[in-house]
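One-based numbering along the sequence shown.
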Amino acid sequence: MKMARQGKINYLQPLWARDSAVCAGFTSRNGGVSRAPYNSLNLGFNTEDPRHNVEANRSSLSRSFDLPPHLLLTVQQVHGTDLLVIDQPNPDLSHFQQLSCDGIITNQPGILVGVLVADCFPVLIYDPRQHVAATIHVGWRGAAAGILGKAVRSLAQLFDSTPDTLMAGVGPGIGAHKYEVDRPVRDAFQADGQPWDELASPQGVGKWRLDLRKACVLQLLKAGLREEHIEAADECTCCHRELFFSHRRDQGKTGRQMGFMLLSSRG
């Protein structure tokens, strides 16, 4: 992935998104109006950053893609596996904002859909054949429960997507070297049949370092995506203070960056 710029916004862009059919990427923490410790492009309302700052930041993001702010849609993320599907025009998106789910799937152009993260992984999936976008929030609970496999199955069932034609981008998240977890996390992965020994390395009694990035990639491969169609960012949010918010590094007092997608109109 390489850094791109649209309007006032710098963001990491997957190679497959350098196409006029879709805008997709992962914002950094820079380019907004929020003050420390939320400086500066905090896009999350679930922080102590004044709401007017977050609204200004979200407006800056949407207007960078020539959209009014009300066409930027996020949901209330709860570390589950429920997905919001938008498959018809919705001139008023406000009723979706309070829904509790961890991903958005849509075939509707002109809506900027996003997931908010600050160590969890934002995953973007694009079907270039059916012109469908999915933005998924993946923390350890979602990964353990197989949220990415569910997203790919939903694309196949609802939009006739073929997994081996899908393109995916795994955005910046916390690296395994910074992410120590305990037995309940291990038990959740093993209960769902996840390959724990491939994903985690022991760090003492009852402690492991978990590679969530690898978990995302393996789930996408298991769901039928081709390896060459999956692009994963190398950056660790915990290590790159100058680029990303990190919940673990900043002990919870931090902002949120976003993984986003915007479908263009066809024809």
Side-chain angles (χ1 to χ4, degrees), residues 1-15 17 23-50 53-54 56-62 64-65 72 74-75 77 79 102-103 112-124 135-143 148 168-181 209-217 230-261:
M1 293 186 191
K2 292 186 177 180
M3 197 66 76
R5 185 174 180 85
Q6 184 77 19
K8 298 179 179 180
I9 303 299
N10 294 309
Y11 63 98
L12 281 173
Q13 183 186 53
L15 289 173
C23 296
F26 309 96
T27 65
S28 75
R29 68 180 298 167
N30 303 312
V33 302
S34 297
R35 296 185 177 184
Y38 307 106
N39 51 308
S40 63
L41 190 69
N42 172 32
L43 299 167
F45 286 124
N46 59 332
T47 64
E48 295 180 12
D49 193 8
N53 285 343
V54 181
N57 292 335
R58 289 167 73 109
S59 178
S60 182
L61 174 61
S62 62
S64 291
F65 291 94
L72 168 57
T74 57
V75 290
Q77 297 166 194
H79 294 275
D102 284 87
L112 189 66
V113 293
V115 289
L116 298 164
V117 292
D119 280 340
C120 293
F121 282 80
V123 178
L124 311 178
T135 58
I136 314 296
H137 162 246
V138 187
W140 74 259
R141 290 178 178 86
L148 292 178
V170 180
I174 191 167
H177 60 295
K178 292 289 187 178
Y179 193 40
E180 186 176 281
V181 299
R209 294 205 182 276
L210 174 61
D211 192 340
L212 266 184
R213 178 183 290 107
K214 187 174 183 179
C216 291
V217 172
I230 302 170
E231 191 173 355
D234 294 327
E235 291 84 353
C236 168
T237 49
C238 193
C239 293
H240 291 276
R241 183 183 296 271
E242 78 287 0
L243 285 176
F244 304 112
F245 299 111
S246 169
H247 189 275
R248 183 160 291 209
R249 179 193 65 221
D250 299 330
Q251 299 180 336
K253 201 171 183 64
T254 194
R256 301 293 187 273
Q257 52 259 351
M258 183 184 293
F260 65 88
M261 297 188 75

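Inter-residue side-chain proximity for Val181 and Trp140 is flagged as unmet; no heavy-atom pair is nearer than 4.5 Å. Contact check for Leu124 versus Phe26: side-chain heavy atoms found under the 4.5 Å cut-off. Between Asn10 and Asn30, every side-chain heavy-atom pair lies at or beyond the 4.5 Å cut-off.
Here Cys120 pairs with His79, Val117, His137 under the side chain to side chain contact (heavy atoms under 4.5 Å, CB included) rule; sequence neighbours left out.
A distance-only check finds no donor-acceptor pair linking the side chain of Arg249 to the backbone of Gln251 [under 3.5 Å]. Counting only distance, with no hydrogens or angles, the side chain of Gln77 and the backbone of Val115 share no donor-acceptor pair below 3.5 Å. Not one N or O on the side chain of Arg58 forms a donor-acceptor pair closer than 3.5 Å with the backbone of Phe45. The main-chain N or O of Gly175 is never found under 3.5 Å from a side-chain atom of Arg209 such that the two would form a donor-acceptor pair. Panel note: side chain Ser246, backbone Asp119; no donor-acceptor pair is recorded below 3.5 Å. With hydrogens and angles disregarded, no donor-acceptor distance shorter than 3.5 Å links the side chain of Thr27 to the backbone of Tyr11. Checked by atom type and distance alone, the side chain of Ser60 never pairs as donor or acceptor with a backbone atom of Ala56 at under 3.5 Å. With Arg29 contributing its side chain and Asn39 its backbone, the two residues share a donor-acceptor pair below 3.5 Å.
Partner of Asp49 under the side-chain hydrogen bond (donor to acceptor under 3.5 Å, both in side chains) criterion, chosen from Asn46, Thr47, Asn53: Asn53.
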Please list, one pair per line, the donor and acceptor atoms closer than 3.5 Å that link side chains of residues 253-261 to other protein atoms, with sequence neighbours excluded.
{"unit_1": "Lys253", "atom_1": "NZ", "unit_2": "Glu48", "atom_2": "OE1", "d": "3.1"}
{"unit_1": "Thr254", "atom_1": "OG1", "unit_2": "Asp250", "atom_2": "OD2", "d": "3.1"}
{"unit_1": "Arg256", "atom_1": "NH1", "unit_2": "Thr254", "atom_2": "O", "d": "3.2"}
{"unit_1": "Gln257", "atom_1": "OE1", "unit_2": "Phe245", "atom_2": "N", "d": "2.8"}
{"unit_1": "Gln257", "atom_1": "NE2", "unit_2": "Phe245", "atom_2": "O", "d": "3.1"}

